[in-house]
Structures are given as structure tokens and as C-alpha cells.
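In this text, all values refer to a predicted model and were calculated from it rather than measured experimentally. Note that ligands are numbered from 1 as they come in the structure, with each ligand's atoms numbered from 1 the same way.
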Amino acid sequence: MNQGPIGVFDSGYGGLTVLKEIVQQLPQYDYLYLGDNARAPYGPRSFETVYQYTLECVQWFFKQGCSLVVLACNTASAKALRTIQQNDLPRIDTSKRVLGVIRPTTEVIGQYSKTKTVGILGTNGTVQSQSYPIEVAKFFPDVTVYQHACPMWVPLVENNEYNAAGADYFVQKDISQLLATSNKIDTILLACTHYPLLQEKIKQYTPAGITILSQGQIVAESLKGYLQRHPEIEARCSKNGSAAFYTTDSTEDFDSHASIFFGKPVQSSHAAL
Ligand code: DGL
């Protein structure tokens with residue numbers, strides 16, 4: 001049987017915050033990370049564009065020998081995952097699997113809220129797709145979801161401005177706009193894998209008593225469960241404890257930013273899609 005690494009994908013650097021947690025929980029596997037930095041951000045792009053870009057990247061992972069790919073990007077999970085699972089995988093290869101980050105998160109989110117009122121912060125694409133309200137309603141019909149898009153947060157993070165005063169302005173503004181929609185929100189989900197880098201500022205502008213959730217740990221736990229429940233997929237994942245990093249843009253830029261997200265030095269290679 002052909003074994004290969006587990007693919008982890010994001011439009012840019014954000015998925016590294018998820019990969020970091022996955023590697024911590026499942027260190028035995030090999031991982032292949034791809035950031036489509038040349039075409040990031042995905043947040044403001046149309047369904048069709050995000051779908052086309054994501055599909056190209058998923059096919060790249062398959063060419064590298066991956067049997068399992070995690071879309072560690074909410075925007076791609078919201079706009080492309082279902083079509084890839086339902087229309088493309090049956091045509092490309094029925095033995096391949098592609099997973100996202102929205103389902104694992106919505107499966108558990110209701111457990112964190114006492115008031116049954118959750119706030120979601122994400123990109124325009126994720127918010128407009130309505131994926132979170134739809135998916136949360138399936139698992140927690142008694143939970144009310146309020147969403148707010150933060151279009152400036154990904155550019156702040158991608159441009160290394162997440163510690164700057166400009167970030168304070170946008171974080172404070174967006175959190176207060178979300179909280180103005182309901183005074184019952186007791187849990188805020190960072191539904192974008194870039195946002196954990198703004199965590200300190202987010203905490204600073206969020207009233208005490210509100211839980212701030214990021215997805216890395218949740219997604220890693222869910223992947224662990226998935227591999228246990230699907231031994232046929234697990235058997236196709238190679239186990240040498242390695243991680244390789246690819247970007248569609250400049251590797252120098254990638255390496256200098258990526259370590260901040262991943263928490264360790266990163267040396268990437270260029271991916272030609
Ligand atoms: N990291 C992506 C997400 O989780 C968003 C980044 C982008 O807009 O490209 O939604």
C-alpha cells in the first residue's frame with residue numbers, strides 16, 4: 001500500500017496555527033503543508049474562485065502522495081469543501097479524503113456556552129457563506145449564533161502588523177460590533193486560522209467572562225478521532241514524524257513569517273501548481 005504524508009492547507013500562513021496543534025497531538029505522522037500565499041487572501045474572493053484555487057491545491061497534495069488533506073482554512077472549508085467532497089473526489093480518486101475545520105468546530109462549540117449564545121468572527125467569505133449558523137444548528141439547535149466579519153484582520157496578520165497600534169483599532173472595533181449584536185454572547189469563536197496571532201489583543205478588548213476559542217486544538221482532537229475511526233485511511237498515512245512546508249509564493253518571505261505562526265523555524269520550498 002502506498003503511504004504518504006497528511007496534507008494541511010491554507011490560503012497562507014494561518015493553517016500553521018492548526019498544524020502546530022496537530023503535530024503536538026499526533027507527532028508520529030508525516031505532514032505536508034501548503035500555503036497558497038501567491039493568491040491569498042481568499043476571504044474576499046468569490047465562491048467560484050475559492051473553489052478553483054482550493055481544488056488546484058488539493059490536486060497538488062494528491063500528486064505528492066497524500067491520501068488525506070485537511071483544509072485548515074475556514075474560507076476554503078466554507079466555500080469549496082462540500083463541492084470537492086461530493087463532486088470532485090468521486091471523479092478523481094474515491095480512496096482520497098479531504099476534511100475541513102468547520103464541522104469539527106461546530107460539533108463541540110455548544111459545549112462551551114452557558115447562555116447558548118455564540119459569537120463568530122471570520123472573513124467576509126466565511127460569514128457570508130452562513131456555514132457556521134447552518135452547521136451549529138445541526139449539532140446544537142438551541143444555540144443562537146451571531147456573526148461578524150473582520151476583513152482587516154487577515155491583512156494585519158499577513159503583513160506582520162498584528163502587534164501594531166493599527167491592530168488595536170480594528171480588533172477593538174470589530175469585537176465591540178460583534179458584542180453589540182447581543183449581550184448574551186459568552187463564547188467567541190475565532191473562525192479564521194489567522195486570528196490566533198491577534199489573541200492577546202482580542203483578550204484585551206473582550207470583557208472578562210467571555211470565552212475566546214481558537215480552532216487548532218479542536219481540529220487536532222477531531223483529526224485524532226477521525227484516524228481512530230478510519231483505520232483504512234490511517235494505514236495510508238506515513239509515520240516518520242516529519243513536516244515539509246511549501247508555498248506558492250517566495251520561500252524567503254514564507255520562512256520569515258511562518259515561524260511566528262508555527263512556533264519553530266520553518267524552511268520551505270516553492271510549489272508550482
Ligand atoms: N486562514 C483563512 C481562514 O481560516 C483566511 C485567510 C484568507 O482570507 O485567505 O479563513
- Task: Measure the distance from atom 3 (C) of ligand 1 to every protein heavy atom, then report the residue, atom name and distance (to 0.1 Å) of the closest one.
- Result: N74 N, 3.2 Å

- Query: Just wondering, do P196 and Q199 contact through their side chains at under 4.5 Å, heavy atoms?
  - Reply: yes

- Query: Are side-chain heavy atoms of Y132 and T105 found at a separation under 4.5 Å?
  - Reply: yes

Checking the N or O distance criterion of under 3.5 Å, is ligand 1 in contact with [X]?
X	value
Y42	yes
T75	yes
G43	yes

- Task: Run the salt-bridge test on R236 and E232 with the 4.0 Å N-O cut-off and return the result as yes or no.
- Result: no

- Message: Between E135 and R82, does any side-chain N to carboxylate O distance fall below 4.0 Å?
- Response: yes

For ligand 1, which atoms sit closer than 4.0 Å to a heavy atom of [X]?
X	answer
S11	6 (C), 7 (C), 9 (O)
D10	1 (N), 2 (C)
T123	5 (C), 8 (O), 10 (O)

- Item | Working for side-chain contact (heavy atoms from CB on, under 4.5 Å), residues H270 and F254 | CA-CA 10 Å; H270 181 76; F254 187 86; over 6 Å; no

- Query: Hey, is C73 one of the residues with a heavy atom under 4.0 angstrom from ligand 1?
  - Reply: yes

- Quick one: is the NZ or CZ of K20 closer than 6.0 Å to the six-membered ring centre of F262, and within 45° of its axis? no

